[in-house]
Colleague: 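Below: one structure in structure tokens.
These numbers come from a predicted model, not from an experiment.
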Amino acid sequence: KMDISVANASRDIHRTEFYPSAHVGHTSEIGTFVLGYARRVNRPGIWKLEPYITYEDYYTKIIGNPDIAPEYIQSLELSYRKSFKGGHSISLTGYQRWMTDVVDIIRRPYEPGVTLDSIINAGDRNVTGLEFSGVVKANKWWTTTANGHLNHYDFNATYEGCTDISGMCYAFSWINQFNITSTTKLQFDSHYVGPHHLTQGKEKAYCFFDLAAKQDLFKGRMTVSLSAHDVFRTARFRNWRAMDDLRSDTWVKPHYPNVTLNVSWRFNTQPKEKAQKSGDSHEHEAVFEGKDF
């Protein structure tokens, strides 16, 4: 329920909806297969509903939309997982997703040198894709993980100013974890994000690299991790939007250095041997705590 002083902006919204999901799996000598279906929703946050114009930066204003509808997603997935001796594993997931009332931002001229971003329901999108992950424990001190996804999408625009789009989207990452000692680990990641289309334009591809160190203290109760993001300064972001009366280019270069320190303390921890037997061990976990990007 929104009581807003702006004329005709107050809303009292009630929805009763059903979000079913079902999964069935089968495990055999060749691996585990899982077939699943789910219907989900992305509801707009409160700020997306507020019809006030605010500054996003010096050159961009943004306004919410009290009539924005939720984005609904239906997903059908088939996955395969296989673990091998020595800590190796592989997983593949094929999926089909149908999205209606896709929430996006459309940009228009507003004032000289300033644009206005409006939150809209841009249209419907169908996505067919494949996700994969492979873990290889090369030896006692090196574990490498490769992740990626590849999909083809079809976007049907239902909002004026947006265009129909079809294309490919992909991203890859390579994560290397090095065990220096039983309590000290290093991790080096490389990431590549492929280009993809926006409802008004396109976003260029970019890559970035991260370096992290983790130290366990007090028999694993305390963990200290230090992460340096984009160590080679390659994460330069660019997108552009085009309309009949607008050409908008956005360039972003992160500030450096970008370093994150995380300290955590675990209560009621189990000894390592007991944790491994109970399946609660994080020995092969690829991403460090505190490495949040």
Side-chain angles (χ1 to χ4, degrees), residues 9 11 13 15 39-76 95-131 148-172 191-207 235-253:
R11 299 289 186 274
I13 302 170
R15 291 189 177 95
R39 182 176 186 262
R40 294 292 181 260
V41 62
N42 287 330
R43 298 184 182 90
I46 292 177
W47 71 270
K48 293 183 178 180
L49 300 173
E50 295 179 346
Y52 304 119
I53 295 178
T54 59
Y55 269 101
E56 191 172 17
D57 54 48
Y58 289 113
Y59 311 104
T60 311
K61 288 188 175 184
I62 189 168
I63 184 172
N65 180 358
D67 293 314
I68 194 76
E71 177 182 294
Y72 297 98
I73 305 169
Q74 295 190 78
S75 178
L76 182 65
Y95 60 86
Q96 178 72 43
R97 292 177 186 149
W98 301 269
M99 290 168 276
T100 57
D101 292 328
V102 173
V103 177
D104 207 340
I105 290 177
I106 192 169
R107 181 166 293 175
R108 296 186 177 91
Y110 184 70
E111 296 173 344
V114 179
T115 59
L116 177 65
D117 287 352
S118 303
I119 300 169
I120 61 164
N121 292 110
D124 304 325
R125 179 185 291 128
N126 293 330
V127 182
T128 303
L130 177 68
E131 297 176 347
H149 77 257
L150 174 69
N151 65 54
H152 179 272
Y153 58 88
D154 291 300
F155 176 75
N156 179 33
T158 58
Y159 190 90
E160 183 179 359
C162 300
T163 58
D164 294 345
I165 304 170
S166 294
M168 301 294 296
C169 183
Y170 50 89
F172 305 97
H191 304 267
Y192 179 82
V193 181
H196 67 274
H197 287 86
L198 310 171
T199 53
Q200 284 182 299
K202 189 175 182 180
E203 185 174 289
K204 288 192 65 175
Y206 62 95
C207 63
R236 301 191 179 189
F237 172 89
R238 183 194 177 191
N239 70 42
W240 59 91
R241 301 170 184 263
M243 297 180 65
D244 293 339
D245 53 354
L246 172 68
R247 168 75 182 196
S248 174
D249 284 271
T250 300
W251 297 76
V252 176
K253 179 182 177 182

Colleague: So, the side chain of Asp164 versus the backbone of Ala157: is there a donor-acceptor pair under 3.5 Å, distance only?
Modeller: yes
Colleague: Of Tyr170, Tyr206, Phe237, which meets side-chain contact (heavy atoms from CB on, under 4.5 Å) against Val193?
Modeller: Tyr206
Colleague: If I take atom CD1 from residue Ile62 and atom NZ from residue Lys48, how far apart are they, to the nearest 0.5 angstrom?
Modeller: 9.0 Å
Colleague: Hey, does Asn151 have a side-chain heavy atom less than 4.5 Å from the side chain of Glu131?
Modeller: no
Colleague: At their closest point, which heavy atom of Ile120 faces which heavy atom of Ile68, and how far apart are they?
Modeller: C-CD1, 3.2 Å
Colleague: Any salt bridge between Arg108 and Asp245, counting N to O under 4.0 Å?
Modeller: no
Colleague: CG of Asn156 to CE of Met99: how many Å apart, nearest 0.5 Å?
Modeller: 13.0 Å
Colleague: For the pair Ile53 and Tyr110, evaluate side-chain contact (heavy atoms from CB on, under 4.5 Å) and give the outcome as yes or no after the intermediate values.
Modeller: CA-CA 11 Å; Ile53 295 178; Tyr110 184 70; 3.5 Å; yes
Colleague: Can you check whether Tyr72 reaches Val41 side chain to side chain, under 4.5 Å on heavy atoms?
Modeller: yes
Colleague: With a 4.5 Å limit on heavy-atom distance, are the side chains of Pro44 and Asn65 in contact?
Modeller: no
Colleague: Do you know which of His197, Arg125, His196 makes side-chain contact (heavy atoms from CB on, under 4.5 Å) with Ile165?
Modeller: His197
Colleague: Under the side-chain contact (heavy atoms from CB on, under 4.5 Å) criterion, do Arg11 and Asp67 qualify, and how do the steps go?
Modeller: CA-CA 8 Å; Arg11 299 289 186 274; Asp67 293 314; 2.8 Å; yes
Colleague: Nearest 0.5 Å, what's the CG-CD1 distance between Leu198 and Ile106?
Modeller: 11.5 Å
Colleague: Return the minimal non-hydrogen interatomic distance between Ser166 and Asp154, and the atom names on each side.
Modeller: OG-OD1, 2.5 Å
Colleague: Around Lys61, counting heavy atoms of other residues, nucleotides and ligands shown, do more than 12 lie under 6.0 Å from its NZ?
Modeller: yes
Colleague: State, yes or no, whether a side-chain contact exists between Thr158 and Asn121 at a heavy-atom distance under 4.5 Å.
Modeller: no
Colleague: Give, for atom CD1 of Ile105 and atom CD1 of Ile63, the distance between the pair rounded to the nearest 0.5 Å.
Modeller: 12.5 Å
Colleague: Determine whether Asn42 and Val103 satisfy the following criterion, side-chain contact (heavy atoms from CB on, under 4.5 Å), listing intermediate values before the conclusion.
Modeller: CA-CA 9 Å; Asn42 287 330; Val103 177; over 6 Å; no
Colleague: Take Glu111 and Leu116 through the side-chain contact (heavy atoms from CB on, under 4.5 Å) test and state the conclusion after the steps.
Modeller: CA-CA 8 Å; Glu111 296 173 344; Leu116 177 65; over 6 Å; no
Colleague: Quick one: OG1 on Thr128 to NE2 on His152, what's the gap to the nearest 0.5 Å?
Modeller: 8.0 Å
Colleague: Does a side-chain heavy-atom distance below 4.5 Å link Arg236 with Trp251?
Modeller: no
Colleague: Which heavy atom of Ala122 sits nearest a heavy atom of Asp104, and at what distance?
Modeller: CB-CB, 4.1 Å
Colleague: Heavy-atom distance under 4.5 Å between the side chains of Ile119 and Trp47, does that happen here?
Modeller: yes
Colleague: Ignoring hydrogens, what is the shortest heavy-atom contact between Arg107 and Gln200? Give both atom names and the distance.
Modeller: N-OE1, 2.7 Å
Colleague: If every non-hydrogen atom of Ile13 is compared with every non-hydrogen atom of Pro66, which pair is closest and at what distance?
Modeller: CD1-O, 4.4 Å
Colleague: Which heavy atom of Asp101 sits nearest a heavy atom of Asp124, and at what distance?
Modeller: N-OD1, 3.1 Å
